[in-house]
Amino acid sequence: MIDQASGLRKMQDLQQVKVVAVSGGKGGVGKTNTALNTAIALGQQGKRVLVLDADLGLANVDVMLGLRVKRNLSHVLSGECELDDIIIEGPAGINIIPATSGSQSMVDLTPSEHAGLIRAFSEMQAQFDVLIIDTAAGISDMVLSFTRAAQDVMLVVCDEPTSITDCYALMKLLSRDHGVFKFKVVANMVRSPKEGQQLFAKLTKVTDRFLDVAIELVAVIPFDENMRKSVRKQQVIVEAYPQSPAALAYIDLAKKVSQWPIPKQASGHLEFFIEQLLAN
């Protein structure tokens with residue numbers, strides 16, 4: 001705790017950082033695509049962006065971008081290197097903290113390993129404007145930890161009953177047990193803006209009835225064949241097909257993200273993110 005406290009004090013002079021967690025409960029809804037496209041669009045708009053691949057057992061951010069990774073978070077936790085040493089550069093100048101893939105030990109971190117991860121964040125030297133956290137699928141403790149620590153929670157949902165149910169379950173847990181009551185929703189892979197509004201209405205119908213939360217539709221991402229083509233190219237759609245419908249929607253979402261206010265109190269600083277994780 002002494003090391004963590006000193007690390008937090010070192011961060012008092014850092015600029016304010018916007019922390020956005022991208023989640024959704026169910027896998028396969030386009031969560032990582034949303035995180036990366038938003039991050040790279042922000043980078044193209046001149047923001048300094050850091051992406052944390054928080055899927056600690058099945059990392060895929062580096063694979064999706066065709067990046068070679070020599071070291072990842074497992075090497076930080078083992079004490080082999082610092083967090084700054086594993087950061088790699090991606091498209092549009094964004095920085096990425098890669099996780100490891102196929103490691104059960106990274107999924108089931110001990111309390112001391114969890115604390116080590118927090119300490120590593122507090123000792124980072126790199127400076128940036130936006131931290132985007134790509135969480136794992138599901139509602140594990142690690143997903144809840146990262147999500148509740150962010151200033152903004154962006155939930156990706158598609159028009160499938162399981163996606164809506166899992167998104168609802170995540171909101172229920174976060175609001176009931178972790179004091180998170182505001183959520184931003186991305187309706188993904190929809191056939192039309194009207195379908196996106198209808199999807200949001202389905203979600204609103206259940207949240208209004210059973211949960212004390214505020215949800216806001218911040219983006220409607222259309223189904224776009226160019227998405228598959230860009231995945232095969234190991235590029236995101238805003239980079240591979242910047243004029244395609246989905247790319248334009250992500251670019252618009254990034255503009256919105258950059259305008260979301262940062263709280264003026266301590267919660268506007270990255271130490272808030274760390275303190276929230278520590279409090280878990």
Side-chain angles (χ1 to χ4, degrees), residues 11 13-22 30-55 59-73 75-76 81-100 120-135 146 150-152 154 156 186 218-219 221 226-227 229-244 246-262 268-270 273-274:
M11 298 189 64
D13 296 328
L14 286 184
Q15 81 286 0
Q16 290 189 315
V17 179
K18 192 187 307 288
V19 183
V20 181
V22 182
K31 178 179 54 58
T32 299
N33 250 318
T34 296
L36 286 178
N37 275 287
T38 304
I40 290 168
L42 281 165
Q44 292 170 342
Q45 294 165 18
K47 299 295 183 183
R48 297 174 297 177
V49 183
L50 179 68
V51 175
L52 167 62
D53 189 345
D55 193 342
N60 62 350
V61 164
D62 53 319
V63 176
M64 288 186 71
L65 296 177
L67 300 173
R68 294 187 64 184
V69 174
K70 293 182 179 178
R71 293 183 289 191
N72 55 50
L73 274 176
H75 298 99
V76 176
C81 59
E82 302 293 326
L83 197 53
D84 289 283
D85 298 329
I86 70 169
I87 292 176
I88 55 175
E89 187 171 328
I94 71 166
N95 288 320
I96 298 160
I97 297 175
T100 186
F121 264 96
S122 71
E123 293 170 352
M124 278 186 66
Q125 299 299 313
Q127 295 193 0
F128 42 91
D129 304 309
V130 185
L131 169 61
I132 292 184
I133 306 162
D134 179 30
T135 72
F146 281 117
Q151 297 154 357
D152 293 293
M154 198 154 68
V156 183
V186 174
V218 295
I221 312 296
N226 289 312
M227 188 70 77
K229 296 179 187 176
S230 64
V231 169
R232 285 196 293 268
K233 286 185 171 186
Q234 289 185 298
Q235 291 181 303
V236 296
I237 199 166
V238 298
E239 185 186 19
Y241 303 98
Q243 295 302 313
S244 65
L248 293 173
Y250 280 125
I251 290 166
D252 184 59
L253 173 58
K255 289 176 182 175
K256 289 181 182 177
V257 171
S258 67
Q259 293 169 359
W260 293 345
I262 302 175
H269 297 275
L270 192 57
F273 172 65
I274 296 158

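These numbers come from a predicted model, not from an experiment.
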Donor-acceptor contact below 3.5 Å, side chain N37 vs main chain I237: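 Checking the backbone N and O of I237 against the side chain of N37, a donor-acceptor pair under 3.5 Å is found.
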
Please answer whether the main-chain N or O of S258 pairs with a side-chain N or O of K47 as donor and acceptor at a distance below 3.5 Å.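 Not a single qualifying donor-acceptor pair exists.
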
I need the [X] [atom1] to [Y] [atom2] distance, nearest 0.5 Å.
| X | Y | atom1 | atom2 | answer |
| --- | --- | --- | --- | --- |
| I133 | F146 | CD1 | CZ | 6.5 Å |
| K70 | H75 | NZ | NE2 | 12.0 Å |
| I88 | D53 | CD1 | CG | 9.5 Å |
| L42 | L50 | CG | CG | 12.5 Å |

Taking the side chain as every heavy atom from C-beta outward, state whether [X] and [Y] have any pair of such atoms under 4.5 Å apart.
| X | Y | value |
| --- | --- | --- |
| I251 | Q45 | yes |
| V61 | P98 | no |
| M124 | I87 | yes |
| K18 | D129 | no |
| I132 | T38 | yes |

Can you see which heavy atom on [X] is nearest to which on [Y], and at what distance?
| X | Y | value |
| --- | --- | --- |
| Y241 | S230 | CE1-N, 3.9 Å |
| E89 | N95 | CA-OD1, 4.0 Å |
| R48 | F128 | O-CB, 3.4 Å |
| I40 | V238 | CG2-CG2, 3.8 Å |
| I94 | G43 | CG2-CA, 4.3 Å |
| L67 | G90 | CD1-CA, 4.2 Å |

Quick one: side-chain contact (heavy atoms from CB on, under 4.5 Å) partners of Q234, sequence neighbours excluded?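 Q234 satisfies side-chain contact (heavy atoms from CB on, under 4.5 Å) with V63 only.
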
Would Q151 and V20 count as a side chain to side chain contact (heavy atoms under 4.5 Å, CB included) if you check the C-alpha gap in whole Å, the side-chain angles of each, and the deciding distance to 0.1 Å? CA-CA 6 Å; Q151 297 154 357; V20 181; over 6 Å; no

Yes or no on side chain to side chain contact (heavy atoms under 4.5 Å, CB included) for I96 and L65, after CA distance, side-chain angles and deciding distance? CA-CA 11 Å; I96 298 160; L65 296 177; 3.5 Å; yes

Apply side chain to side chain contact (heavy atoms under 4.5 Å, CB included) to K31 and D134, showing your working. CA-CA 7 Å; K31 178 179 54 58; D134 179 30; 3.0 Å; yes

Does any pair with a residue in residues 247-257 pass side-chain hydrogen bond (donor to acceptor under 3.5 Å, both in side chains), and if so which ones, sequence neighbours excluded?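 Found T34-Y250.
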
What verdict does the side chain to side chain contact (heavy atoms under 4.5 Å, CB included) test give for L83 and L73, after you've listed the backbone C-alpha separation in whole Å, the side-chain angles of each residue and the deciding distance to 0.1 Å? CA-CA 7 Å; L83 197 53; L73 274 176; 3.6 Å; yes

